[in-house]
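As structure tokens, the structure follows; a few thoughts come after it.
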Number of protein chains: 2
Amino acid sequence: MSKNLVGNHIRKLRFNHNEMTQQQLADKVGVTRQTIVALEKGNYSPSLELAFRIAHAFHLPLEEVFFYGDDPTQ
Amino acid sequence: MSKNLVGNHIRKLRFNHNEMTQQQLADKVGVTRQTIVALEKGNYSPSLELAFRIAHAFHLPLEEVFFYGDDPTQ
DNA sequence: ACGTAATGTATAGTTTATTATACATTGTGT
DNA sequence: ACACAATGTATAATAAACTATACATTACGT
């Protein structure tokens, strides 16, 4: 339980980026697919370090991938 | 051990913000002082959620408080 | 000299992120 | 119909973040 306050656009971004697969993203940022799955599902928020690596994988600033609060405002 | 790849400007920012104390910042973002100490010392990188709360406490975007890699470039 | 506020350091314990493994489901190509 | 790639789901184990407690040090006000 315990509401997760951080959301992300990982899923959307994977498809905008060459239909990148969960496994490919996982390899690219050096985690397992399970971690990507959990993040897309919103099970928990990543470590800051992983958040940076994921943003870099999409060539985006961190705050365009992850957002605080319920409202992406975009 | 295990090099921490994420750095921050928390210490500097505390002093730029009314000489804010470790305890005050801790209270403001809802963690213990020990966590702030550990972050300033670079013992580990915070959760993304905490990183957001700290950035908001200073009214700054996350990437002006935390940076990936060894070089702040500023 | 004394009290107190801020910081530094250490360590054991709890919670959360991350891994590893495993199996089920859906879609696509042959 | 079969093989395979991608995803969904679950659960136990490990690693990392975070708490709680405690004590030492430095500086500052009285």
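This structure is a prediction, so every number in the text was calculated from the model and none was measured. Here is the naming used below: chain letters follow the sequence lines, and residue numbers restart at 1 for every chain.
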Item to check | Nearest atoms (heavy-atom pairs only) where A:His9 meets A:Glu64 | outcome: ND1-O, 3.4 Å
Next on the checklist: On DNA chain C, compare the nucleotides closest to A:Pro46 and B:Phe15; which residue's is nearer the 5' end?
Outcome noted: B:Phe15
Item to check | Phosphate OP1/OP2 of C:dA17: any A:Thr35 side-chain N/O under 4.0 Å | outcome: no
Checklist entry - Roughly, in whole Å, what's the span from CG in B:Leu5 to P in D:dA17? => result 11 Å
Checklist entry - Under the side-chain contact (heavy atoms from CB on, under 4.5 Å) criterion, do A:Arg53 and B:Tyr68 qualify, and how do the steps go? => result CA-CA 8 Å; A:Arg53 289 206 301 270; B:Tyr68 189 72; 3.4 Å; yes
Checklist entry - When the distance from CE of A:Met20 to C1' of D:dA5 is rounded to whole Å, what number comes out? => result 17 Å
Next on the checklist: Starting the side chain at C-beta, find the nucleotide from C:dT19, D:dT7, D:dT9 nearest to A:Val31.
Outcome noted: C:dT19
Item to check | Between C:dA22 (P) and A:Arg33 (CZ): distance, integer Å | outcome: 14 Å
Next on the checklist: Heavy atoms from C-beta onward define the side chain here; which of C:dA22, D:dT19, C:dG8 lies closest to that of A:Gln34?
Outcome noted: C:dA22
Checklist entry - So, is A:Ser47 close to the C:dT18 phosphate, meaning a side-chain N or O under 4.0 Å from OP1 or OP2? => result yes
Checklist outcome for this item: Separation of C:dT18 atom P from A:Asn4 atom CG, nearest Å, is 11 Å
Next on the checklist: Below the 4.0 Å mark, does D:dT7 have OP1 or OP2 next to a side-chain nitrogen or oxygen of A:Arg14?
Outcome noted: yes
Next on the checklist: In this structure, how many angstroms lie between the P atom of D:dT7 and the CD atom of A:Glu40, rounded?
Outcome noted: 8 Å
Checklist entry - In whole angstroms, how far is the P atom of C:dG8 from the CG atom of B:Asn43? => result 12 Å
Next on the checklist: Counting only side-chain nitrogens and oxygens, does B:Thr21 get under 4.0 Å of the OP1 or OP2 atom of C:dT7?
Outcome noted: yes
Item to check | Derivation of the side-chain contact (heavy atoms from CB on, under 4.5 Å) call for B:Phe15 and B:Arg11 | outcome: CA-CA 7 Å; B:Phe15 285 96; B:Arg11 185 118 210 215; 4.0 Å; yes
Next on the checklist: Could you report the tightest heavy-atom contact between A:Glu49 and B:Ser45, atom names first, then the distance?
Outcome noted: OE1-OG, 3.7 Å
Checklist entry - Once you round it to whole Å, what is the distance between P of C:dT19 and CD1 of A:Ile36? => result 9 Å
Checklist outcome for this item: All heavy atoms of B:Ala55 vs all of B:Leu62, minimum pair found to be CB-CA, 3.7 Å
Checklist outcome for this item: Rounded to whole Å, OH of A:Tyr44 lies from P of D:dA10 at a distance of 14 Å
